[in-house]
Amino acid sequence: TRNITAIVTVTDEGGSSGRLRGEWGVLPPGDIRNCMLALAEDDSSLNRILNFRFDRGELKGHSLGNLILLAATEMTGDFRKAVEELNKLLAIRGKVIPVTNESVVLCAATADGDSLRGELDIAMRGCRIESIWIEPADARAFPEAVAAIENAEAVVLGPGSLFTSIIPNLMFREISEALKRTAAPKIYITNLMTQPGETDGMTIMDHIRWITRASGTIPDYILANEEEVPPSLLESYLAAGAAPLFLNEENERSLALMGSKVIQSGFLDVSGGNVRHNSQKVSETLMRITREERDSSPWKS
């Protein structure tokens, strides 16, 4: 479908994005670039070109896609307009928009009483976080992002880094309020593994509690993998500090009482030698939920 709007966080501060943010004052383009490439018509050739990363000189570490977004921002004078231009240039299936056009920083406080500032710090100590927020606190979300949620047939959260990819979008009051208002089903696709540093020792229920706390609403549907990771592959992930995430029967009962429907299936794909979601199965499930919700709506035409 072309009817996709990806709302992307702009709190990235690492690598090429962090350098461009510091040197040029531009919003970090890396996550935006990745989403555009995921929705691009000609994935293979565009991936090779826009993901090309310079390995020497002053450009070392920068990706070409990030530099193109920087150039478009300088030409248009507005990061949002630059993203729109690249949307058109790449002829992507849908639309990618930043959640805000303001420069924001992700901040958190830990159970030990420490203050964390920026994605890099938070990604290393996420499992110790007790509270999280953005600065400035009065930063506004794009009206287009809010409208996309309000008019959606389905709103999908995840999969992705809990504290540095999903929750930052929910920190905007307009976004969380739109999620409460929308009649569309809110669907959370759970991660397959914990993320070293960021979600060490956390369960799927911990992820859901954080998302509910940040958004003020619980997802209507939870998509969770129930397929075991092959032992040969699991060993390397465990050695790196990542552990599989599963729901048990007690979790399912708890979520049902909270108003969430759990869909467990073999959403795992290890054909490439890594743990990934089976995109075909996930997309089919999302489309099925959307159709069923639409057909059961009392307001359908």
Side-chain angles (χ1 to χ4, degrees), residues 4 7 126-127 129-132 148-163 165-171 173 175-195 198-229 234 242-269 275-300:
I4 296 174
I7 301 173
C127 59
I129 287 176
E130 281 200 338
S131 59
I132 189 167
I149 293 172
E150 292 177 334
N151 298 319
E153 291 180 284
V155 180
V156 181
L157 299 162
S161 300
L162 177 64
F163 292 113
S165 290
I166 300 175
I167 284 182
N169 282 343
L170 307 179
M171 293 288 95
R173 179 178 54 80
I175 297 295
S176 60
E177 289 181 351
L179 284 171
K180 295 174 187 175
R181 288 195 303 269
T182 184
K186 295 175 283 288
I187 308 165
Y188 174 48
I189 304 174
T190 65
N191 290 347
L192 300 169
M193 311 284 289
T194 59
Q195 187 169 344
E198 186 157 339
T199 57
D200 290 333
M202 292 180 64
T203 65
I204 289 179
M205 293 299 291
D206 292 328
H207 285 66
I208 294 170
R209 290 187 191 101
W210 266 108
I211 288 171
T212 301
R213 175 179 170 185
S215 66
T217 181
I218 187 166
D220 300 300
Y221 292 86
I222 308 294
L223 269 59
N225 173 59
E226 62 180 1
E227 188 175 348
E228 296 286 343
V229 178
L234 178 60
L245 286 168
F246 297 107
L247 285 172
N248 56 37
E249 291 184 4
E250 183 181 348
N251 296 153
E252 286 197 63
R253 287 193 294 270
S254 297
L255 288 168
L257 290 173
M258 296 165 68
S260 284
K261 299 177 183 178
V262 176
I263 298 176
Q264 295 198 76
S265 185
F267 291 122
L268 184 66
D269 180 3
V275 173
R276 296 287 184 268
H277 282 85
N278 184 315
S279 57
Q280 184 69 25
K281 286 187 177 181
V282 169
S283 60
E284 288 173 354
T285 304
L286 293 176
M287 296 301 286
R288 177 169 55 82
I289 291 171
T290 304
R291 284 195 302 269
E292 290 175 354
E293 287 281 334
R294 182 185 60 215
D295 293 344
S296 66
S297 171
W299 308 107
K300 67 179 181 179

What's the shortest heavy-atom distance between [X] and [Y], and which atoms?
| X | Y | result |
| --- | --- | --- |
| A178 | E150 | CB-CG, 4.1 Å |
| G160 | I166 | O-CD1, 3.7 Å |
| N225 | Q264 | O-OE1, 4.3 Å |
| I263 | I289 | CD1-CD1, 3.6 Å |
| S215 | S176 | O-CB, 3.5 Å |

Item to check | Side chains of T203 and D206, donor plus acceptor under 3.5 Å | outcome: yes
Side-chain ([X]) to main-chain ([Y]) donor-acceptor, under 3.5 angstrom:
| X | Y | result |
| --- | --- | --- |
| N251 | M205 | no |
| T190 | L223 | yes |
| T199 | T194 | no |
| S296 | E293 | yes |

Checklist outcome for this item: CZ (R209) and CE (M202) are apart, to the nearest 0.5 Å, by 9.5 Å
Next on the checklist: Rounded at 0.5 Å granularity, tell me how far CG in L162 sits from CD1 in I208.
Outcome noted: 10.5 Å
Next on the checklist: Which residues pass the side chain to side chain donor-acceptor pair (under 3.5 Å) test with S161, not counting sequence neighbours?
Outcome noted: Q195
Checklist entry - Does atom CE of M287 have more than 12 heavy-atom neighbours from other groups under 6.0 Å away? => result no
Next on the checklist: With a 4.0 Å cut-off on N to O distance, would you call D220 and K186 a salt bridge?
Outcome noted: yes
Checklist entry - Does R288 come within less than 4.0 Å of E284, counting only side-chain N to carboxylate O? => result no
Checklist outcome for this item: Applying ring pair (Phe, Tyr, Trp, His ring centres under 6.0 Å) to F163 and not counting sequence neighbours gives W210
Next on the checklist: Set out, in order, the CA-CA distance, both residues' side-chain angles and the distance that settles side-chain contact (heavy atoms from CB on, under 4.5 Å) for L268 and V229, then state yes or no.
Outcome noted: CA-CA 8 Å; L268 184 66; V229 178; 4.2 Å; yes
Next on the checklist: Could you walk me through whether I187 and I222 satisfy the side-chain contact (heavy atoms from CB on, under 4.5 Å) test, starting with their C-alpha distance in whole Å, then the side-chain angles of each, then the deciding distance to 0.1 Å, before giving a yes or no?
Outcome noted: CA-CA 6 Å; I187 308 165; I222 308 294; over 6 Å; no
